[in-house]
Asker: 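Submitted below is the structure of interest, expressed as structure tokens.
Nothing fancy with the numbering, it's 1 onward along the sequence.
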Amino acid sequence: MDIQFRKLTQPTAEIAECFNRWENDPQLIHLIRVNQDQEALDKRTTVTVRDLEEWLSRKQMYLIYLQDQPVGSMEFHIDPKHLYKKDISTAWIGIMIGEEVARGKGIGYLALQYLEQEIKRLGLRRMELGVFEFNTNAIKLYQRMGYQEIGRIPNFTFWQNKLWDDIRMEKFIER
């Protein structure tokens with residue numbers, strides 16, 4: 001499997017088009033963004049090159065390629081306000097496997113390993129993430145990779161006609 005991770009430095013219209021496809025995929029919406037009700041879940045978004053440039057001003061972003069085609073993205077912010085534990089030198093991470101053809105193939109595992117290496121290279125000591133409680137596949141992956149639950153934010157996101165918790169997890173980086 002030919003997987004590559006490339007740091008996003010120069011957003012293009014083609015990259016924005018990928019994000020629009022992924023961010024509006026009905027199979028992903030409930031997994032990748034917070035929704036307070038059915039109306040929010042049904043809403044579609046538009047990502048522009050300018051949006052991507054603004055995101056890059058506050059976080060590191062990478063594209064995931066499978067056989068030279070973009071299939072997803074990953075990112076981290078350093079010490080964002082929404083951390084559950086306000087420990088300094090913490091990277092908040094996120095991964096999205098946007099193309100269905102790339103899901104369930106272990107790419108998320110490889111992406112997480114890559115992000116951890118990049119974060120360690122920068123000298124950070126801790127990683128934190130949030131995962132919706134219904135996303136059991138992601139929870140299993142994070143647990144297998146050494147992430148531990150540190151708390152929950154109740155009634156955080158809407159899906160299947162109810163509100164679900166956001167599980168916050170952490171992992172410390174070995175030096």
Asker: State which residues pass ring pair (Phe, Tyr, Trp, His ring centres under 6.0 Å) with Tyr65; sequence neighbours excluded, sorted by chain then number.
Answerer: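 Checked Tyr65 against ring pair (Phe, Tyr, Trp, His ring centres under 6.0 Å); zero matches.
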Asker: Drop me the distance from Glu128's CD to Asp87's CG, to the nearest 0.5 angstrom.
Answerer: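 Glu128 atom CD to Asp87 atom CG measures 8.0 Å (nearest 0.5 Å).
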Asker: Locate the shortest heavy-atom distance separating Ile150 from Tyr84; write the atom from each residue and the value.
Answerer: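 Scanning both residues, the minimum pair turns out to be O-CE2, 3.3 Å.
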Asker: Whether the side chain of Arg126 engages the backbone of Ile173 through a donor-acceptor N/O pair (distance < 3.5 Å, no angle test) should be reported.
Answerer: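 Side chain of Arg126 to backbone of Ile173, a donor-acceptor pair under 3.5 Å: no, none is there.
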Asker: Answer yes or no: does atom CD of Glu100 have more than 12 heavy-atom neighbours from other residues, nucleotides or ligands under 6.0 Å?
Answerer: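 No.
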Asker: A side-chain contact here means heavy atoms from C-beta on lying under 4.5 Å apart; do Leu31 and Trp159 qualify?
Answerer: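 No, too far: nothing below the 4.5 Å cut-off.
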Asker: So which atom in Pro154 and which in Asp165 form the shortest heavy-atom distance, rounded to 0.1 Å?
Answerer: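 Shortest heavy-atom separation between Pro154 and Asp165 comes out as CA-OD1, 3.0 Å.
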Asker: Could you pull out all residues at least two apart from Tyr62 that satisfy ring pair (Phe, Tyr, Trp, His ring centres under 6.0 Å)?
Answerer: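 For Tyr62, the residues satisfying ring pair (Phe, Tyr, Trp, His ring centres under 6.0 Å) (neighbours in sequence not counted) are Tyr114.
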Asker: Taking side chain as C-beta onward, heavy atoms only, is Glu116 less than 4.5 Å from Leu124?
Answerer: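 Side chain of Glu116 against side chain of Leu124, heavy atoms only: no contact under 4.5 Å found.
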Asker: Atom CD of residue position Gln160 - does it have more than 12 heavy atoms of other residues, nucleotides or ligands inside 6.0 Å?
Answerer: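 Count over threshold, so yes.
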Asker: Checking side-chain contact (heavy atoms from CB on, under 4.5 Å) for the pair Thr157/Asp166: CA distance, chi angles, key distance, verdict?
Answerer: CA-CA 7 Å; Thr157 194; Asp166 191 40; over 6 Å; no
Asker: Nearest 0.5 Å, please: how far is CD1 in Ile3 from CG in Leu66?
Answerer: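 These two atoms lie 4.5 Å from each other.
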Asker: The criterion is ring pair (Phe, Tyr, Trp, His ring centres under 6.0 Å); which residues satisfy it with Trp164, sequence neighbours excluded?
Answerer: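 With neighbours one apart ignored, the set is Phe134.
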Asker: Within a 6.0 Å radius of atom NZ on Lys86, are there more than 12 heavy atoms belonging to other residues, nucleotides or ligands?
Answerer: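 Atom NZ in Lys86 is crowded, with more than 12 foreign heavy atoms closer than 6.0 Å.
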Asker: Under the side-chain hydrogen bond (donor to acceptor under 3.5 Å, both in side chains) test, which residues partner Lys85, sequence neighbours left out?
Answerer: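 Residues passing side-chain hydrogen bond (donor to acceptor under 3.5 Å, both in side chains) with Lys85: Glu170.
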Asker: Within the side chain of Asn35, is there an N or O that forms a donor-acceptor pair under 3.5 Å with the backbone of Asp37?
Answerer: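 No, Asn35 side chain to Asp37 backbone: no donor-acceptor pair under 3.5 Å.
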Asker: With side chains defined as the heavy atoms from C-beta onward, is the minimum distance between Tyr147 and Leu112 less than 4.5 Å?
Answerer: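 Tyr147 vs Leu112: side chains touch.
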Asker: Taking atom CZ as the centre, does Arg44 end up with more than 12 heavy-atom neighbours from other residues, nucleotides or ligands that are less than 6.0 angstrom away?
Answerer: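 Counting neighbours around CZ of Arg44, more than 12 heavy atoms of other residues, nucleotides or ligands fall under 6.0 Å, so yes.
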Asker: Would you indicate whether Tyr109, at its atom OH, is surrounded by more than 12 heavy atoms from other residues, nucleotides or ligands within a distance under 6.0 Å?
Answerer: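 It does not: Tyr109 OH has 12 such atoms or fewer within range.
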Asker: Does the pair Phe132 and His30 meet the rule for a side-chain contact (heavy atoms from CB on, under 4.5 Å), with working shown?
Answerer: CA-CA 9 Å; Phe132 303 142; His30 65 287; over 6 Å; no
Asker: What's the spacing between Ile107 CD1 and Glu99 CD if we round to 0.5 Å?
Answerer: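 Reported to 0.5 Å precision, the distance equals 10.5 Å.
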Asker: Please test Leu63 against Met74 for side-chain contact (heavy atoms from CB on, under 4.5 Å), starting from the C-alpha separation and ending with a verdict.
Answerer: CA-CA 6 Å; Leu63 292 176; Met74 54 191 183; over 6 Å; no
Asker: To the nearest 0.5 Å, what is the distance between CD1 on Ile88 and OG1 on Thr90?
Answerer: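 Atom-to-atom, Ile88:CD1 and Thr90:OG1 are 8.5 Å apart.
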Asker: Give a yes or no answer on whether the side chain of Asn20 reaches the backbone of Val47 with a donor-acceptor pair at less than 3.5 Å.
Answerer: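 Indeed, once roles are kept as given, a pair shorter than 3.5 Å links the two residues.
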Asker: Determine whether Arg33 and Lys43 make a side-chain contact, defined as any pair of heavy atoms from C-beta on separated by less than 4.5 Å.
Answerer: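 Result yes, sub-4.5 Å side-chain heavy-atom pair found.
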Asker: For Phe76, which residues count as a ring pair (Phe, Tyr, Trp, His ring centres under 6.0 Å) partner, sequence neighbours excluded?
Answerer: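 Not a single residue meets the ring pair (Phe, Tyr, Trp, His ring centres under 6.0 Å) criterion with Phe76.
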Asker: May I ask you to say whether Glu53 pairs ionically with Arg50, meaning some side-chain N is under 4.0 Å from a carboxylate O?
Answerer: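 No, no charged N to carboxylate O under 4.0 Å.
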Asker: Do side-chain atoms of Arg168 reach the backbone of Leu83 as a donor and acceptor pair under 3.5 angstrom?
Answerer: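 Not confirmed, Arg168 side chain does not pair with Leu83 backbone.
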Asker: Please check if Leu129 and Ile119 belong to a single hydrophobic cluster, counting links between Ile, Leu, Val, Met, Phe, Trp and Tyr side chain heavy atoms closer than 4.5 Å.
Answerer: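 Yes; tracing contacts between hydrophobic side chains, which count when under 4.5 Å, links both residues.
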Asker: Do any N or O atoms from the side chain of Asp51 and from the backbone of Thr48 form a donor-acceptor pair under 3.5 angstrom?
Answerer: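 Yes; at least one donor-acceptor contact below 3.5 Å.
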Asker: Lys7 vs Gln60, test: side chain to side chain donor-acceptor pair (under 3.5 Å). Steps then yes/no.
Answerer: CA-CA 8 Å; Lys7 188 170 184 177; Gln60 305 288 315; 2.5 Å; yes
Asker: If you draw a 6.0 Å radius around CD in Glu17, do more than 12 non-hydrogen atoms from other residues or ligands fall strictly inside?
Answerer: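 Counting other residues, nucleotides and ligands, CD of Glu17 stays at 12 neighbours or fewer.
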Asker: Go through it in stages, so that I can follow the logic: the residues are Thr9 and Leu56, the test is side-chain contact (heavy atoms from CB on, under 4.5 Å), and I'd like the CA-CA distance, side-chain angles, deciding distance and then a yes or no.
Answerer: CA-CA 8 Å; Thr9 57; Leu56 285 173; 5.8 Å; no
Asker: Which residues pass the side chain to side chain contact (heavy atoms under 4.5 Å, CB included) test with Ile167, not counting sequence neighbours?
Answerer: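 Ile167 satisfies side chain to side chain contact (heavy atoms under 4.5 Å, CB included) with Val131, Glu133, Ile139, Glu149, Arg152, Met169 only.
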Asker: Is there a path of hydrophobic side-chain contacts, each under 4.5 Å between heavy atoms of I, L, V, M, F, W or Y residues, that connects Val71 with Phe19?
Answerer: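 Different hydrophobic clusters.
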Asker: For residues Gly108 and Leu141, report the shortest heavy-atom separation together with the two atoms involved.
Answerer: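 Smallest interatomic distance, heavy atoms only, reads C-CD2, 4.1 Å.
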Asker: Let me confirm one number: the OG-CZ distance from Ser73 to Arg6, rounded to the nearest 0.5 Å.
Answerer: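 Ser73 atom OG to Arg6 atom CZ measures 14.5 Å (nearest 0.5 Å).
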Asker: Closest heavy-atom contact between Leu115 and Glu75?
Answerer: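 Heavy atoms of Leu115 and Glu75 come nearest at CD1-O, 3.8 Å.
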Asker: Under the 3.5 angstrom rule, does the side chain of Lys171 hit a backbone N or O of Gln148 as a donor-acceptor pair?
Answerer: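 No: the side chain of Lys171 does not pair with the backbone of Gln148.
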Asker: Is Lys59 close enough and on-axis enough to Trp55, meaning under 6.0 Å and within 45°, for cation-pi?
Answerer: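 Lys59 over Trp55 ring: yes.
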Asker: Please name the pair of heavy atoms, one in Val49 and one in Ala13, separated by the smallest distance, quoted to 0.1 Å.
Answerer: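 Looks like CG2-N, 3.6 Å.
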Asker: To the closest 0.5 Å, what do you measure between NZ (Lys120) and CE (Met127)?
Answerer: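 Lys120 NZ to Met127 CE: 10.0 Å, rounded to 0.5 Å.
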Asker: A side-chain contact here means heavy atoms from C-beta on lying under 4.5 Å apart; do Ile64 and Met96 qualify?
Answerer: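 With C-beta onward as the side chain, the pair stays apart.
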Asker: Heavy atoms only: give me the nearest Gln36-Val34 pair and the separation to one decimal.
Answerer: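 Result for this residue pair: NE2-CG1, 3.3 Å.
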Asker: So, do Gln117 and Phe5 sit near enough that their side-chain heavy atoms are less than 4.5 Å apart?
Answerer: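 No - every pair of side-chain heavy atoms lies 4.5 Å or more apart.
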